[in-house]
Amino acid sequence: MADKVTKIEDVIVPELFTQYVLEETTEKSEIVASGAVENNPLLDNMVSGGGAVTFTMPKWDDLDGTSDVFTDKKESQTKKVVSHPEVGVKLLRESSWGFHDLAASFSADDPARDFAAKVGKWWRRDEKRNLIAILGGLVDSSDADITRSFKDNHVLDITNDSKTKIDAKSILDTKQLMGDAADDLSLIYMHSAVFTELQKQQLIVYTEPATAKIKMPTYLGYAVICDDSAPVDVGAGGTKGVYTVTLGGTVTENDVITVAGVSYTVKAADNTLAKVASGLAAALQSAPSVTRVFTVTVSGAVITFTQVFAGKGAQPSASVSANATETATAATTTAGVAGVDQFTTFLLARGSFQRGTGTPPGFVATETKRDADIATTKIYTRQAKILHPKGMSWDARASDLTYETPLDSELSNGAFWKLAATELKKVGIVALKHTL
């Protein structure tokens, strides 16, 4: 009797699988465990309620003013409780995976949970990308009233100072941007290269919060989230090198031209130098060793190499086989000058982001589709959620967006965010721009 094969469609019960993924996404989320992102039942209801893409939440400001003297000679001066509305935006996202029958076999004791763990891990990474996109938008948001400009008051840029590298002093200077609200900061969000630099300073300590199921690194008491989607301007201040390889001579079939270590054999159909250059450029554009360093374009018989990162990548070599009738001449148009990588590291307060998830009417969170012709099953997973920075408002019109809900590139547009709170310190987010 043949062994039974467990396939995707045998183990994926959409309702249960969706719950598994949500558990994996929320319970093991570093950004939720840190406390900087809080699950908000009110936002859960807003997501599940359907309706518009944007939503408005009234927020009560902190009480201000001073106390009155208690006396029978005058009445207490009643102070007004002020609220400010904040506008948030829903995120509707999806992803899908295809599995061939043989590749879809499972050996785990609970294959649905095993696969849900993988999907949940993927969604956790994606949610961090959403978060860093929003943070990027806040860093670039400004206001005609400079006292309300996030960019001018909550970002410390030391990249042009005499000391540009991140260290304990620069982090403490950054937290001071929050003034007497600095004690609210609980999380530091950074690129892995920044994390490694701080490890070298031997001040990274691992702790396990009482409410978390994972150990988290800390720096200066702040929980650390390490994520390579954190902003980095590679080669900032440098100059991207531009180089060319020009083909000359006459075309002969089977001659070999080698550029940047990639060889191309001239074909019978390559009856002009331009066609040879086009074929060679296609080969270069398919070579990872080249595309990691250069963007390759072609015009006529000239192939142009532009550095991806300023100063990284030397002028490409160029040669032809013995007795070849073609020539290949390399030249420098613009010499590359290395810049300095500039990073943005964030400090976040507890609850600075409010998070909500749910299932709007008609929204199918998990479904499978069987394609018998190619023995493949596709699984589609979708999430409806809100990630809202407290104290800020989403200010984009529907006509500003590519689709009904924003892309990450639109979330990172500073023009789409504005301050809603009465003062910036109520936005528990500050940023440091620095080098290593």
Exercise for the section: Hey, could you give me the OG1/CE distance between T54 and M46, rounded to the nearest 0.5 Å? Expected result: 10.5 Å
Fill in the blank from the handout: Nearest heavy-atom contact between A310 and G235 is CB-O, 3.8 Å
Problem - Close side-chain approach of L411 and D408, heavy atoms under 4.5 Å - result: yes
Handout entry: T56 and E86 side chains, donor-acceptor separation under 3.5 Å
Key = no
Exercise for the section: Would you indicate whether the side-chain heavy atoms of L347 and I171 approach each other to under 4.5 Å? Expected result: yes
Problem - Partners meeting side-chain contact (heavy atoms from CB on, under 4.5 Å) with D173 (sequence neighbours left out) - result: L156, K169
Fill in the blank from the handout: Residue set satisfying side-chain contact (heavy atoms from CB on, under 4.5 Å) with S278, at least two apart, ordered chain then number -> none
Practice task
Compare all side-chain heavy atoms of F309 with those of K240 and state whether any distance is below 4.5 angstrom.
Solution key: no
Practice task
With sequence neighbours excluded, tell me which residues meet side-chain contact (heavy atoms from CB on, under 4.5 Å) with T297.
Solution key: T304
Problem - Rounded distance [0.5 Å steps], CH2 in W417 versus OG in S142 - result: 15.0 Å
Problem - Distance-only side-chain donor-acceptor flag, D44 / N39, under 3.5 Å - result: no
Handout entry: Salt-bridge present (R124, E127; N to O < 4.0 Å)
Key = no
Handout entry: Pairwise side-chain contact, I386 with R355, heavy-atom cut-off 4.5 Å (strictly under)
Key = no
Problem - Derivation of the side chain to side chain contact (heavy atoms under 4.5 Å, CB included) call for R292 and V308 - result: CA-CA 7 Å; R292 281 194 296 265; V308 174; over 6 Å; no
Fill in the blank from the handout: Here the gap from T147 atom OG1 to L424 atom CG, rounded to the nearest 0.5 Å, amounts to 7.5 Å
Problem - Pairs where residues 279-290 contributes a residue and the test side chain to side chain donor-acceptor pair (under 3.5 Å) is met, not counting sequence neighbours - result: none
Practice task
Looking only at non-hydrogen atoms, find the nearest pair between P406 and K90 and report the distance.
Solution key: CD-O, 3.7 Å
Fill in the blank from the handout: Across all chains, not counting sequence neighbours, the side-chain contact (heavy atoms from CB on, under 4.5 Å) partners of E38 are R350, Q354
Exercise for the section: Kindly give the heavy-atom pair with the smallest separation between A396 and L401, and that separation in Å. Expected result: CB-CD2, 4.3 Å
Exercise for the section: Can you see which heavy atom on Q201 is nearest to which on A168, and at what distance? Expected result: OE1-N, 4.4 Å
Exercise for the section: For the pair V47 and T357, evaluate side chain to side chain contact (heavy atoms under 4.5 Å, CB included) and give the outcome as yes or no after the intermediate values. Expected result: CA-CA 6 Å; V47 174; T357 60; 5.8 Å; no
Exercise for the section: May I ask you to test the F353-L135 pair for a side-chain heavy-atom distance under 4.5 Å? Expected result: yes
Practice task
With the side chain counted from C-beta on, respond yes when F346 and S352 share a heavy-atom pair under 4.5 Å apart, and no when they do not.
Solution key: no
Anything under 3.5 Å between a donor and an acceptor, one on a side chain of residues 429-436, the other on a protein residue two or more places apart or in another chain? List them.
| unit_1 | atom_1 | unit_2 | atom_2 | d |
| --- | --- | --- | --- | --- |
| H434 | NE2 | T345 | OG1 | 2.8 |
| T435 | OG1 | T164 | O | 3.2 |
| T435 | OG1 | T164 | OG1 | 2.6 |

Handout entry: Nearest-0.5 Å distance that lies between atom NE2 in H388 and atom OG in S393
Key = 6.0 Å
Handout entry: Beyond-backbone contact of T381 with W122, side-chain heavy atoms, under 4.5 angstrom
Key = no
Problem - Closest contact, heavy atoms only, W123 versus S95 - result: CZ2-N, 4.1 Å
Exercise for the section: Could you go through the side chain to side chain contact (heavy atoms under 4.5 Å, CB included) check for I225 and M190 one step at a time? Expected result: CA-CA 6 Å; I225 296 296; M190 64 182 66; over 6 Å; no
Practice task
Consider only side-chain N and O atoms of S48 and N45, and report whether a donor and an acceptor are under 3.5 Å apart.
Solution key: no
Problem - Under 3.5 Å: donor-acceptor pair, side chain of D161, backbone of K163 - result: no
Problem - Closest contact, heavy atoms only, S141 versus M392 - result: OG-CE, 4.1 Å
Practice task
Look only at the side chain of R382 and the backbone of T366, and say whether a donor-acceptor pair between them is shorter than 3.5 Å.
Solution key: no
Exercise for the section: Starting at NZ of K165, measure out to OG of S170 and round the result to the nearest 0.5 Å. Expected result: 12.0 Å
Exercise for the section: Without swapping roles, check the side chain of D227 against the backbone of Y189 for a donor-acceptor pair under 3.5 Å. Expected result: no
Exercise for the section: Might you work through the side chain to side chain contact (heavy atoms under 4.5 Å, CB included) test for T333 and Y243, ending with a clear yes or no? Expected result: CA-CA 5 Å; T333 301; Y243 309 95; over 6 Å; no
Practice task
Give the C-alpha distance, both sets of side-chain angles, the deciding distance and a yes or no for salt bridge (Lys or Arg N to Asp or Glu O under 4.0 Å) between E367 and K378.
Solution key: CA-CA 8 Å; E367 61 182 322; K378 293 181 180 179; over 6 Å; no
Problem - K425/D180 salt bridge by N-O under 4.0 Å criterion - result: yes
Problem - Ring centre gap for F305 and F294 strictly below 6.0 Å - result: yes
Problem - Spacing of Q199 atom CD and C226 atom SG [to the nearest 0.5 Å] - result: 8.0 Å
Handout entry: Heavy-atom check, side chain of I204 versus side chain of F195, under 4.5 Å
Key = yes
